[in-house]
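Okay, structure first, notes after.
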Amino acid sequence: MPRFLSLVTIDENASADGPSDALMQRMGELLEEMTKAGVLLDTAGLTPTAQGTRVHWDGERASVTDGPFTETKEVVGGYAMMQCKDKAEAIEWTKRFLRIHEDEFRLFCEVREVVEG
């Protein structure tokens with residue numbers, strides 16, 4: 001079965017308080033359901049960009065820049081690696097993930113199939 005990566009994009013500046021206890025409970029329930037369904041392979045949130053490092057390649061050499069990155073607003077805040085029968089199923093799980101956030105966060109996900117090999 002194909003694997004899909006759902007990249008969770010957030011406005012890093014708008015989510016300083018973190019998720020509520022109610023959201024964390026809904027998230028736990030959904031992740032448990034996805035695990036039992038055999039869909040969820042891995043998931044996690046990511047540290048803020050202020051703690052990140054960018055490694056750039058200009059065609060000749062690598063350079064390193066530590067965060068925070070002032071030009072960044074929307075960033076990848078987490079991910080879910082899923083194994084689904086097709087992209088439509090991966091999108092349905094991703095929609096459910098987005099819905100549990102209700103009005104607490106504004107975010108979007110990009111779903112992409114993992115290329116094997």
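Fair warning: this is a prediction, and the values are worked out from it, not measured in the lab.
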Please, which pairs that meet side chain to side chain donor-acceptor pair (under 3.5 Å) have at least one residue in residues 38-47, sequence neighbours excluded?
D42-Y79

Restricting to non-hydrogen atoms, name the atom on [X] and the atom on [Y] that form the minimum distance, rounded to 0.1 Å.
{"X": "L23", "Y": "S20", "answer": "N-OG, 3.1 Å"}
{"X": "T53", "Y": "D66", "answer": "OG1-OD1, 3.0 Å"}
{"X": "L98", "Y": "F108", "answer": "CD2-CA, 4.3 Å"}

Separation between CG (L7) and CG (L107), nearest 0.5 Å, reads 12.5 Å

Determine, step by step, whether F97 and C109 satisfy the side chain to side chain contact (heavy atoms under 4.5 Å, CB included) criterion, reporting the C-alpha distance in whole Å, the side-chain angles of both residues, the deciding distance to 0.1 Å, and the verdict.
CA-CA 9 Å; F97 169 81; C109 293; 3.9 Å; yes

Name the atoms and distances for all side-chain donor-acceptor pairs under 3.5 Å in residues 80-93, with sequence neighbours left out.
{"residue": "D86", "atom": "OD1", "partner": "A88", "partner atom": "N", "Å": "3.3"}
{"residue": "D86", "atom": "OD1", "partner": "E89", "partner atom": "N", "Å": "2.9"}
{"residue": "E89", "atom": "OE1", "partner": "K85", "partner atom": "N", "Å": "2.7"}
{"residue": "E89", "atom": "OE2", "partner": "W93", "partner atom": "NE1", "Å": "3.4"}
{"residue": "E92", "atom": "OE2", "partner": "K95", "partner atom": "NZ", "Å": "3.4"}

Within the 4.5 Å heavy-atom criterion, are [X] and [Y] side-chain neighbours or not?
{"X": "D58", "Y": "S63", "result": "no"}
{"X": "V75", "Y": "I10", "result": "yes"}
{"X": "H101", "Y": "R106", "result": "no"}
{"X": "T9", "Y": "E110", "result": "no"}

Is there a path of hydrophobic side-chain contacts, each under 4.5 Å between heavy atoms, that joins L40 and I100?
yes

Tell me whether V8 is reachable from M27 by hopping between hydrophobic residues (I, L, V, M, F, W, Y) whose side-chain heavy atoms are closer than 4.5 Å.
yes

Would you list the atom pairs, donor with acceptor, under 3.5 Å between side chains in residues 28-37 and any protein atom, with sequence neighbours excluded?
{"residue": "E29", "atom": "OE2", "partner": "Q25", "partner atom": "NE2", "Å": "3.2"}
{"residue": "E32", "atom": "OE2", "partner": "K36", "partner atom": "NZ", "Å": "3.0"}
{"residue": "E33", "atom": "OE1", "partner": "R96", "partner atom": "NH2", "Å": "2.7"}
{"residue": "E33", "atom": "OE2", "partner": "R96", "partner atom": "NH1", "Å": "2.9"}
{"residue": "E33", "atom": "OE2", "partner": "R96", "partner atom": "NH2", "Å": "3.3"}
{"residue": "T35", "atom": "OG1", "partner": "L31", "partner atom": "O", "Å": "2.8"}

More than 12 heavy atoms from other groups under 6.0 Å of CE on M1:
yes

